[in-house]
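Everything on this sheet refers to the single structure shown next.
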Amino acid sequence: MEYAFEGVVLLETAVARYRLPPRQAVWIPAGLAHKSTFAAAKTVSVFFEPSLVHDRAGRARVLPVEPVLREMMIYALRWRIDRTSSDPVADSYFETLAHLVSDGLRYELPFYLPTSTDPLVAAVMRHTDDHLDTVDLRQVCEAVRVSERTLRRRFHASTGMTWRQYALHSRILHAMTLLVDQEATITSVATAVGFDSASAFSRAFQSYTGRTPTAFRQNRDPATST
């Protein structure tokens, strides 16, 4: 389990791309192949014996972190991962922490984008992600040389979502990364990810994340504040 004090953690697996914003954690099951990238991020990681956490899904998930779980993850740092022996206190502590994590898995946050093995859909995703400031469905169809009807059908069959849903999610998730830059204005971030106005961007961002762009940017963890 990796918890972000601040900044954004980008995580990619074979089936999805995740963004971990501040004060959230990402659960990574043992043995899951993944790649992590850190955007001005400060994090803490806690490793569990696989049998301690009840997770049948076998995939990464972004979770909200309540204060008690955050403090327990920080306190768990007193036990190093390379320690040669355990003790009853450590065993009891990690069992309790694992119960909290197992409960938290029920409250997954949708901070991820799907991937696809369909070459056409993958090309559509790449073009969309690379042109968020101006992209629309017609432009994508021209770029990948396919009809709108075919794109809609193939995209939904491969991802379970429409292209417009994907584009909106990609815009919001990319905005999370841009908001880490304290010098960028909300208006400039909105424009960079394809919104016509800061107000429209703020409404969409809050609907998706539960926070306004300003609240998201200002949400520093007390453990890192000075």
Side-chain angles (χ1 to χ4, degrees), residues 8-21 24 26-29 31-39 41 57-63 108-181 184-211 213 216:
V8 176
V9 178
L10 311 177
L11 179 78
E12 184 173 354
T13 70
V15 298
R17 292 168 288 150
Y18 300 80
R19 274 184 171 85
L20 174 65
Q24 315 299 328
V26 61
W27 166 250
I28 306 172
L32 179 67
H34 65 280
K35 175 184 177 181
S36 297
T37 305
F38 302 88
R59 58 182 174 82
R61 280 178 274 181
V62 176
L63 313 175
E108 177 183 6
L109 297 171
F111 297 163
Y112 65 91
L113 293 170
T115 60
S116 176
T117 57
D118 183 326
L120 172 63
V121 175
V124 169
M125 290 178 174
R126 286 193 299 271
H127 186 85
T128 302
D129 296 340
D130 291 343
H131 301 84
L132 289 175
D133 56 337
T134 60
V135 73
D136 59 29
L137 185 59
R138 180 189 57 79
Q139 181 195 89
V140 175
C141 290
E142 291 179 356
V144 299
R145 299 182 180 180
V146 70
S147 69
E148 290 189 13
R149 179 179 180 182
T150 297
L151 188 150
R152 289 194 184 98
R153 177 177 56 80
R154 294 267 292 270
F155 199 92
H156 189 272
S158 180
T159 67
M161 63 170 57
T162 66
W163 175 83
R164 294 189 185 282
Q165 289 173 324
Y166 177 91
L168 176 60
H169 292 185
S170 185
R171 286 182 164 117
I172 298 301
L173 292 174
H174 186 58
M176 290 181 183
T177 305
L178 298 179
L179 287 168
V180 171
D181 179 2
T185 66
I186 301 301
T187 298
S188 68
V189 171
T191 300
V193 296
F195 284 87
D196 294 332
S197 68
S199 58
F201 167 62
S202 294
R203 288 193 299 271
F205 192 93
Q206 185 167 14
S207 176
Y208 189 81
T209 69
R211 287 180 282 176
F216 174 87

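Counting all heavy atoms, side chain and backbone alike, Ala198 lies closest to Ile186 at CB-CG2, 4.5 Å. A pairwise comparison of heavy atoms in Val180 and Ala39 identifies CG1-O, 4.1 Å as the closest pair. Residues Ala60 and Leu32 come closest through the heavy atom pair N-CD2, 3.7 Å. What you find for Ala122 and Ser116 is that their closest heavy atoms are CB-O, 3.9 Å. For the pair Pro21 and Arg19, the tightest heavy-atom approach, listed with the atom from each and the gap, is CD-O, 3.2 Å. Taking all atoms of both residues into account, the shortest heavy-atom contact from Ala41 to Val9 is CB-CG2, 4.1 Å.
No donor-acceptor contact under 3.5 angstrom links the side chains of Thr187 and Thr185, judged on distance only. A donor-acceptor pair shorter than 3.5 Å cannot be found between the side chains of Thr13 and Arg59.
Summarising the local packing, CG of Asp196 is surrounded by 12 or fewer heavy atoms from other residues, nucleotides or ligands at distances under 6.0 Å. More than 12 heavy atoms of other shown residues, nucleotides or ligands fall within 6.0 angstrom of atom CZ in Phe201.
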Next on the checklist: Would Tyr208 and Leu173 count as a side-chain contact (heavy atoms from CB on, under 4.5 Å) here? Give the steps.
Outcome noted: CA-CA 9 Å; Tyr208 189 81; Leu173 292 174; 4.0 Å; yes
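For Asp136, the salt bridge (charged side-chain N to carboxylate O under 4.0 Å, His left out) test picks out no residue, with sequence neighbours left out.
Looking only at side-chain heavy atoms (C-beta outward), Pro114 and Met125 come within less than 4.5 Å of each other. Counting heavy atoms from C-beta on, the side chains of Arg17 and Leu10 never come closer than 4.5 Å. Annotation: side chain of Phe205 is in contact with side chain of Met176 (closest heavy-atom distance under 4.5 Å). Here the side chains of Asp129 and Tyr166 are in contact, with some heavy-atom distance below 4.5 Å. Side-chain contact between His127 and Val135 is present, with heavy atoms from C-beta onward closer than 4.5 Å. Between Phe195 and Ile172 the shortest side-chain heavy-atom distance falls below 4.5 Å.
Atoms CG and CH2, from Leu20 and Trp27 in turn, are 14.5 Å apart once rounded to the nearest 0.5 Å. Here the straight-line distance linking atom CZ of Arg154 with atom CG of Leu120 works out to 4.5 Å at 0.5 Å rounding. From Leu168, atom CG reaches atom CE of Met161 across 9.5 Å, with rounding to the nearest 0.5 Å.
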